[in-house]
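Read through the structure below, which is laid out as structure tokens, and then see the notes.
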2 protein chains.
Amino acid sequence: MTESAVLASAAPAAACSHTGTVARFFRALADPTRLRLLEFILRGERTSADCVEHAGISQPRVSVHLSCLVDCGYVTARRNGKKLHYSVGDPRVADLVVLARALAADNAAALDCCPRIGQE
Amino acid sequence: MTESAVLASAAPAAACSHTGTVARFFRALADPTRLRLLEFILRGERTSADCVEHAGISQPRVSVHLSCLVDCGYVTARRNGKKLHYSVGDPRVADLVVLARALAADNAAALDCCPRIGQE
DNA sequence: CGGATCTATTCGCCTACCCGCATAGTATGG
DNA sequence: CCATACTATGCGGGTAGGCGAATAGATCCG
């Protein structure tokens, strides 16, 4: 790792990450299937098989969604034998979801009528 | 308004809003243009003209995005003379954005490489 | 090694949604 | 009231990203 790379990763860069990156971060939660999976994993470590059963869609689709959640830093994967186990390490993820749920609940009526966003 | 409707709006329904609704809520922030507008308004009350200039897209498009943010409960509109002024009333909105920015910053590298989500 | 699981990738299709442009609607001030 | 901002809607086109189905790749156990 170069010196500048070390500095870059050490610096939080927090104040100024690009808006596009943050939008992509939100996009990961903007799909009902992924959000459902994340909240499922939030309640405890889950295997892929657990997730497939819970999501009610094909294994390949679930694999893609879980990869996405991992890439975006929401969950981490741990291999144990043949199986992968997924869990949420960062407690801020739960905070984010709880906060969003509270806000969404307070605006559910208007939200459900917003014609600019698909009906489900 | 019916009695049951009154009860429904009085009850927070907080604990159990449907996942689809929350996903729709996130979807509003999943677009870079809308997120950019929200963060702009978060820094102070803005007119539509301010927003058009800041966003760099056409007035009709900005109008649609602002309507979406209003519908989803992120911002409120106030008319003063001919102009509409937009602002963020609920402080939790700022909390949500700050929290998401912090998480996104800590995963920026992986996020930018996630092939499941478009490159911008 | 070889078969049995478990997980990831590719393909084609289809819908959601963003954009610019043109136009319609609405509130205010003279 | 009417002209003039200001704001919202409709349309056509393009791209992102969701889905199922088929298949390829990994990993472990005997």
Side-chain angles (χ1 to χ4, degrees), chain A residues 19-21 23-38 41 45-72 75-86 111-120, chain B residues 19-21 23-38 41 45-72 75-86 111-120:
Chain A
T19 304
T21 301
R24 286 157 56 78
F25 185 72
F26 278 121
R27 179 108 96 240
L29 302 186
D31 176 69
T33 301
R34 265 190 315 259
L35 183 58
R36 193 175 170 75
L37 283 172
L38 177 62
I41 295 168
E45 191 180 67
R46 309 291 186 177
T47 66
S48 295
D50 293 337
C51 292
V52 170
E53 185 183 2
H54 185 255
I57 58 176
S58 65
Q59 175 273 319
R61 281 284 97 206
V62 171
S63 171
V64 168
H65 284 310
L66 290 174
S67 297
C68 182
L69 289 173
V70 170
D71 284 347
C72 295
V75 308
T76 55
R78 173 180 71 84
R79 181 173 286 278
N80 185 7
K82 294 182 189 175
K83 299 182 177 179
L84 287 178
H85 296 250
Y86 295 90
L111 250 174
D112 286 338
C113 297
C114 176
R116 255 72 57 174
I117 290 179
Q119 288 313 318
E120 167 71 3
Chain B
T19 303
T21 300
R24 287 157 56 76
F25 185 73
F26 278 121
R27 179 105 103 239
L29 302 187
D31 176 70
T33 301
R34 263 186 319 257
L35 183 58
R36 193 175 170 76
L37 282 172
L38 177 62
I41 295 168
E45 192 180 66
R46 308 292 186 177
T47 65
S48 294
D50 292 338
C51 293
V52 170
E53 184 183 2
H54 185 255
I57 58 175
S58 64
Q59 174 274 320
R61 280 285 97 204
V62 170
S63 171
V64 168
H65 285 311
L66 289 174
S67 297
C68 183
L69 289 173
V70 170
D71 284 347
C72 294
V75 309
T76 56
R78 172 181 70 84
R79 180 173 287 278
N80 183 9
K82 295 182 185 176
K83 299 183 178 181
L84 286 179
H85 296 249
Y86 295 91
L111 250 174
D112 286 338
C113 297
C114 177
R116 257 70 60 173
I117 289 180
Q119 290 313 318
E120 164 68 9

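By convention in this document, chain letters (A, B, ...) are assigned in the order of the sequence lines, proteins followed by strands, and residues within each chain are numbered from 1. Computed from a predicted model, the values in this text were never measured in an experiment. Just so it is clear, the values below take in all heavy atoms, side chains as well, and ignore hydrogens, waters and symmetry mates.
Between the CD1 atom of A:Ile57 and the C1' atom of C:dT7 there is a distance of 14 Å, rounded to whole Å. Note: CG (A:Asn80) to C1' (C:dC6) measures 13 Å, nearest angstrom. Put simply, CD on B:Gln59 is 17 Å from P on C:dC18, counting in whole angstrom units. Rounded to a whole Å, the CG atom of B:Asp71 is 13 Å from the P atom of C:dC17. Between B:Arg79 atom CZ and C:dT28 atom C1' there is a gap of 9 Å when expressed in whole angstrom units. Atoms NZ (A:Lys82) and P (C:dA8) sit 15 Å apart, rounded to a whole Å. Between the CZ atom of A:Arg46 and the P atom of C:dC6 there is a distance of 18 Å, given to the nearest Å. If you measure from atom CZ of B:Arg34 to atom P of C:dC19, you get 8 Å, rounded to the nearest angstrom.
Among the nucleotides C:dC17, C:dG20, C:dT9, the one closest to the side chain of B:Arg116 is C:dT9. Minimum atom distance to the side chain of B:Pro60 is reached by C:dA22, of the listed C:dT28, C:dA22, C:dC19.
Heavy atoms of B:Ser63 sit under 4.0 angstrom from at least one base atom. Residue A:Thr33 is in sugar-phosphate contact alone, with no base atom involved, counting any heavy-atom pair closer than 4.0 Å across all strands shown. Within 4.0 Å of A:Val62, counting heavy atoms only, lies no atom of the nucleic acid at all. As judged by a 4.0 angstrom heavy-atom cut-off over every strand, A:Leu66 is placed among residues making no nucleic acid contact. No engagement by B:Arg24 is indicated, since no non-hydrogen atom pair under 4.0 Å with the nucleic acid exists.
The phosphate of C:dC17 (OP1 or OP2) has no side-chain N or O of B:His65 nearer than 4.0 angstrom. Between A:Arg61 and C:dT10 there is no side-chain N or O to OP1 or OP2 distance below 4.0 Å. Within the 4.0 Å cut-off from OP1 or OP2 of C:dA22, not a single side-chain nitrogen or oxygen of B:Ser58 is found.
If A:Leu84 and B:Arg27 are placed on DNA chain C by their nearest nucleotide, the residue sitting closer to the 5' end is A:Leu84.
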Dump the intermediate steps for side-chain contact (heavy atoms from CB on, under 4.5 Å) on B:Ser48 and B:Ser63, then the final yes or no.
CA-CA 8 Å; B:Ser48 294; B:Ser63 171; over 6 Å; no
Is there a side-chain contact (heavy atoms from CB on, under 4.5 Å) between B:Ile117 and A:Cys72 once you walk through the steps?
CA-CA 10 Å; B:Ile117 289 180; A:Cys72 295; 4.0 Å; yes
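The nearest pair of heavy atoms linking B:Leu69 to B:Arg34 is CD1-O, 3.9 Å. A pairwise comparison of heavy atoms in A:Ile41 and A:Tyr86 identifies CG2-O, 3.5 Å as the closest pair.
Remark: side-chain polar atoms of B:Arg24 are paired, donor with acceptor, to backbone N or O of A:Leu111 under 3.5 angstrom. The main-chain N or O of B:Ala30 is found under 3.5 Å from a side-chain atom of A:Arg27 such that the two form a donor-acceptor pair.
The outermost nucleotides of DNA chain D lying under 4.0 Å from heavy atoms of chain A, listed 5' to 3', are D:dT9 to D:dC28.
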Atom pairs and distances, donor-acceptor, side-chain atoms in residues 50-59 of chain B, under 3.5 Å, two or more places apart:
unit_1	atom_1	unit_2	atom_2	d
B:Asp50	OD1	B:Thr47	OG1	3.4
B:Asp50	OD2	B:Thr47	N	3.0
B:Asp50	OD2	B:Thr47	OG1	3.2

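If you take CG on B:Leu37 and NE2 on B:His65, they are separated by 7.0 Å, rounding to the nearest 0.5 Å.
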